[in-house]
*Asks:* 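My questions all concern the structure below.
What you see below is based on every heavy atom in this structure, not just the backbone, and it leaves out hydrogens, waters and symmetry mates. Just so it is clear: chains get the letters A, B, ... in the order the sequence lines come, proteins before strands, and each one is counted from 1.
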Protein chains: 2
Amino acid sequence: MSVLTTEPGATPTGEEPPDGGERHRLTAITGLSALSLDAMASVAYGPEAIVLVLAAAGAHGLGFTVPVTLAIAALLAVLVASYRQVIAAFPDGGGSYAVARVHLGARTSLVAAASLVLDYVLNVAVAVTAGVAALTSAFPGLYGQRLWWCLLVLVLITGVNLRGIVESARAFIVPTAVFVVSILVLIGVGLFRSAPVSTAAAQGHASVLADNATTVGALLLLRAFASGCAALTGVEAIANAVPSFRAPRARRAQRAEVALGAVLGVMLIGLSVLISRFHLQPVEGVTVLAQLADASLGHNWAFYVVQFATMILLALSANTSFGGLPVLLKLLARDNYLPHVFALKADRQVHRHGVLALAAVSAALLVFSGGDTNTLVPLFAIGVFVGFTIAQVGMVIHWYGERSRGWQGKAVLNGFGGLLTGVAAIVVTATKFAEGAWLIVIALPLLVVAFEAVHRAYGRIGERLGLGRIPEPPHRERSVVIVPVSSLSRLTSEALTAAASLGDEVRAVTVCYPDPEDRAHLHTLERDWARWSPGVPLVRLASERRTLGRPIAAYVREVTAAEPATRVTVLIAETEPERLWQRLLQNQRGAVVAHAVRRETGAVICRLRFRLL
Amino acid sequence: MSVLTTEPGATPTGEEPPDGGERHRLTAITGLSALSLDAMASVAYGPEAIVLVLAAAGAHGLGFTVPVTLAIAALLAVLVASYRQVIAAFPDGGGSYAVARVHLGARTSLVAAASLVLDYVLNVAVAVTAGVAALTSAFPGLYGQRLWWCLLVLVLITGVNLRGIVESARAFIVPTAVFVVSILVLIGVGLFRSAPVSTAAAQGHASVLADNATTVGALLLLRAFASGCAALTGVEAIANAVPSFRAPRARRAQRAEVALGAVLGVMLIGLSVLISRFHLQPVEGVTVLAQLADASLGHNWAFYVVQFATMILLALSANTSFGGLPVLLKLLARDNYLPHVFALKADRQVHRHGVLALAAVSAALLVFSGGDTNTLVPLFAIGVFVGFTIAQVGMVIHWYGERSRGWQGKAVLNGFGGLLTGVAAIVVTATKFAEGAWLIVIALPLLVVAFEAVHRAYGRIGERLGLGRIPEPPHRERSVVIVPVSSLSRLTSEALTAAASLGDEVRAVTVCYPDPEDRAHLHTLERDWARWSPGVPLVRLASERRTLGRPIAAYVREVTAAEPATRVTVLIAETEPERLWQRLLQNQRGAVVAHAVRRETGAVICRLRFRLL
């Protein structure tokens, strides 16, 4: 399902193997399993999306499952052929963002980027809900709490990604193979049956087949087609990751793409044929795939194998977003469209922010949908189709500009693909607007606007910083270091030593409040200071309003105004506790002073952490 | 209800009028209205607590409402007499914490403090639920969403306190007077009626009267008594705030205390007589007070006046916790029992933390109780009684130690009060243990343990800091300033100028990663640096693991190890954006470097914020 895939040899923390040799790169077979995960997983909810739309027209409507699926398979063939061409034209890894950037201008590429961001987020939500639907189909007792199960799975995936997992192409081969083989066996066995062996899974569940069936009109079929296209998400992943393949890269990637299309097509058509043959009706709480496993293999261990394989594949599919989104955000940040913090290399702390943000937005989507896949699938499809369409339109322009031999044929193929996916995008948006598609219609342009605002702001900042120009040479200035003091201790001594080493002149300041007890404290401090005589004056700053930071900031401004050529530094000394929980014991005076000085003056703030040993 | 009241002239932000003269202090009358708010408000749920217990024994049980209330009124008389003595003995403001500190040792005073903290929190929850119960009694349509209304009221009160309101004794006079007068009118009118004028409010609501009534045993009466004692919360507030009164302080405070007892006693007895006279039965969703207003005044505007006056008084009562808890936390922090951050004067930021923490815990309690007052009242009563008991026991020891004329009589009075409230505490805890009292049984000792752990930790820190001893004199050391650099701009120039002013030697460092694009960037930087020739060496630090902070921290350790007598400072320069949202654009490289250097070295960290103008 994911639209841009992290390089399979890379870990999410960005630590690549230092050799980066060919040995680690993908063949057509390993590439297929490493990059097809998301596409394969969409079989779990694609056919269901078709059946659910057609069910509005009753049993008669369901009869159109095979024709609609064949139309989708035809679109799949067009898309695979188109992406073969994308691979050839963009051997450095294409994807709608890259294609649009070259051929359609910055803004269109940002639309593509925004749709990719939305897809990564929606991929997590869709995969998690579909995975839990596979689970609750096997264990109906869990259906009532499905939202909680979704959130639990999300927490698990987030936790794994926060710890930083070492993922590799190989790790995906087994679950993908188990899933594909079990689906193919399911189809194969089912084709030899004339009737379901078991309907145990669906028993006692409410059918969602409409009683007062509508007639089967063109709009209904179009909607079924558009919904079912959710099964096509992920077919672009291989085209995005061409550099990960072993040489000859483009050829191997093309082979993997075609193989992906073939396997996916066979599975989709096979499942739709079984749906028709078994006169399967969608019911609430049991997935179509679960009913098919039941009907074809029986309600035995094989049924549970299919459910578990589906669930694991979907969980892995959700996981790929956590690897892929940070890579996309890094690209956008490098082009100044997102805060640079996303391009900060290999800093766990910041990668964590990305993972947590993705988890938070996904959790919001899960709650929004109540853990229901079919609420989320249309939203997901919109973004995917927008990306498809942009990539195809870009390819048409590419062929037109190149005009190599036979360019018209290639342009027509890409143009046809773009037309189909464009129409699908419009149909899904229009028919599902009130049910949630408005979210995408709002979020997509907002993201683009945000990207552009960030870009403009960076432009202004770079201009003011004089980036790319040689700046003035540095010079030495007289330095005054101001040390806020509240009592006398080893910390005070340490602070004054540091200040004396840094400044030409050192001044200690203490803030005094009007209360009697505070006056007494000040008196003690001044007496002890005189006895200590550290060679540094202690300046008394009165604070009528009982604030701590402002009097110090005001004093800093005063010194700066009196001696403009002097550089004023405020040195704040704090204890560094031995244990983490003891941080709670810190009085935060340092933070308060630093905040006020930072906000109200241009002084350099030095913080000295004194370790208690 | 609250047990320690903020000085009435003070605002929650701690900005007292600078003169602090007698003019602003309380007379017996203004003191009564300023400090009795909580006690008066408890009339709204005290009688109800009695009736709900007795309802378990059916209509026969309800017949015991008046005798039980008379017993409570007797306890009230004993408590008021006891607190008159506390006022005389502790003219600087008593309260269980102060009394226990003098006479019962540190640990008992901490138990008293912990019970006070719990009471402040529970006061918010009880007052909010009772206030909303008054509202939903008037408008039954809101009853289903009462938890949401509770949370809304909490949000409003929290918001007001976050902005910092200027409260004064005068502000409380009108609502308190309106409430007391309307209750007294209700009682007066009711006594002239032989039957309810209206039962409209209770109509259609399920009665909670037990059908299979139990016999009226001693245990039931004890439970009713203990529950009803919730009406006594708040009678100690005047004793805690003696210094707020005008001279002669103790005499005026004593007068206010007696007046409070008299008014509260009259209201309680009057309401219980009306409950008996009207054979009132508790129903779900309408408070007893609302039913009494209905029965006595009729279902007209007067009924709504009573409900609104009740609601407003309860909301103000919840509000007093937000003023009072910070004062208590400050006292505890000053004695090293809580993090010093709570004693930080007049820093809005920190006061906000206290308000938000109180709001969060109160919200958790509201959700825990589902917005039901009667779930919370027993928990509230436990803490109050623990405080009462400790104060009375402390007073017995006080009289024993003093042995002034007639000390035996005073000791017996306080001892009798302590015995009664101690028994009540045990009865409430035992009978309500499974229904929530376990929460208090766990939280109270945990708080005491936490106070003591904080106290020990501060002791150790003070020891290591050499607090109270004259420290070694400061001295000057050679200073090396290390400046991390990633590109060349005005910011770099500014950073080197600051570094040259602070250090005897300046070194720029840049971290380089193994990627080709990063190598190219490094090459550009080194070329530009040579062309710029700022007189500062640029040290290249390789980072194989692609981390930014660690190589710099490692370099700092290296320099420190090579020159132990040198003070190493790391100067981090960052841009200070003009607008708040542009902070998001900062790359956080500075924060990452500061974090690593802080964690792994003892170097001073200087941060220079460069304003983009």
*Asks:* Among A:Thr492, A:Asn336, A:Ile461, who wins on heavy-atom pairs under 4.5 Å with chain B?
*Replies:*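 Option with the greatest count: A:Ile461.
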*Asks:* Between chain B and each of A:Arg589, A:Glu494, A:Arg476, count heavy-atom pairs under 4.5 Å; write down the option with the most.
*Replies:*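 Most pairs with chain B among the choices: A:Arg476.
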*Asks:* I'd like to verify something: which residue of B:Ile572, B:Val506, B:Leu502 has the highest number of heavy-atom pairs under 4.5 Å with chain A?
*Replies:*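 Counting heavy-atom pairs under 4.5 Å, the top option is B:Leu502.
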*Asks:* Looking only at heavy atoms and a cut-off of under 4.5 Å, which of B:Arg460, B:Arg598, B:Glu477, B:Glu472 has the most pairs with chain A?
*Replies:*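 The candidate making the most pairs under 4.5 Å is B:Arg598.
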*Asks:* Flag the one option from A:Ala591, A:Ser489, A:Gly602 with the top tally of heavy-atom pairs under 4.5 Å to chain B.
*Replies:*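 Highest number of heavy-atom pairs under 4.5 Å: A:Ser489.
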*Asks:* Is B:Arg607 in contact with chain A via its backbone, its side chain, both, or neither, using a 4.5 Å heavy-atom distance?
*Replies:*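 Interface part for B:Arg607: both.
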*Asks:* Using non-hydrogen atoms and a 4.5 Å limit, figure out which bit of B:Arg550 sits close to chain A: side chain, backbone, both or neither.
*Replies:*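 For B:Arg550, no heavy atom lies under 4.5 Å from chain A.
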*Asks:* Locate the shortest heavy-atom distance separating B:Pro474 from A:Trp532; write the atom from each residue and the value.
*Replies:*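 Where B:Pro474 meets A:Trp532 most closely, the heavy atoms are CD-CZ2, 3.6 Å.
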*Asks:* Check each atom of B:Pro534 against the heavy atoms of chain A and say whether the ones under 4.5 Å are side chain, backbone, both or neither.
*Replies:*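 For B:Pro534, heavy atoms of backbone and side chain both lie under 4.5 Å from chain A.
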*Asks:* Between B:Ser486 and chain A, with a heavy-atom cut-off of 4.5 Å, which part of the residue counts as in contact: side chain, backbone, both or neither?
*Replies:*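 It is neither, since no heavy atom gets under 4.5 Å.
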*Asks:* Which residue out of A:Arg567, A:His340, A:Arg478 racks up the most heavy-atom pairs below 4.5 Å with chain B?
*Replies:*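 Ranked by contacts with chain B, first place is A:Arg567.
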*Asks:* With no hydrogens and no angle check, is any side-chain donor or acceptor of B:Arg490 less than 3.5 Å from a backbone partner on A:Arg464?
*Replies:*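 Checking the backbone N and O of A:Arg464 against the side chain of B:Arg490, a donor-acceptor pair under 3.5 Å is found.
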*Asks:* Please determine, among A:Gly466, A:Ser479, A:Ala498, the option with the most heavy-atom pairs under 4.5 Å with chain B.
*Replies:*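 Answer, by heavy-atom pair count under 4.5 Å with chain B: A:Ala498.
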*Asks:* Heavy-atom pairs under 4.5 Å with chain A are the metric here; pick the option from B:Leu488, B:Leu491, B:Leu467, B:Val570 that has the most.
*Replies:*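 So the answer, after comparing B:Leu488, B:Leu491, B:Leu467, B:Val570, is B:Leu488.
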*Asks:* Would you say B:Ile605 and A:Arg609 make side-chain contact, with heavy atoms under 4.5 Å?
*Replies:*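 Heavy-atom side-chain distance check fails, nothing below 4.5 Å.
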*Asks:* Working to the nearest 0.5 Å, report the span between OG of A:Ser533 and CD1 of B:Ile470.
*Replies:*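 Going from the OG atom of A:Ser533 to the CD1 atom of B:Ile470 covers 9.5 Å.
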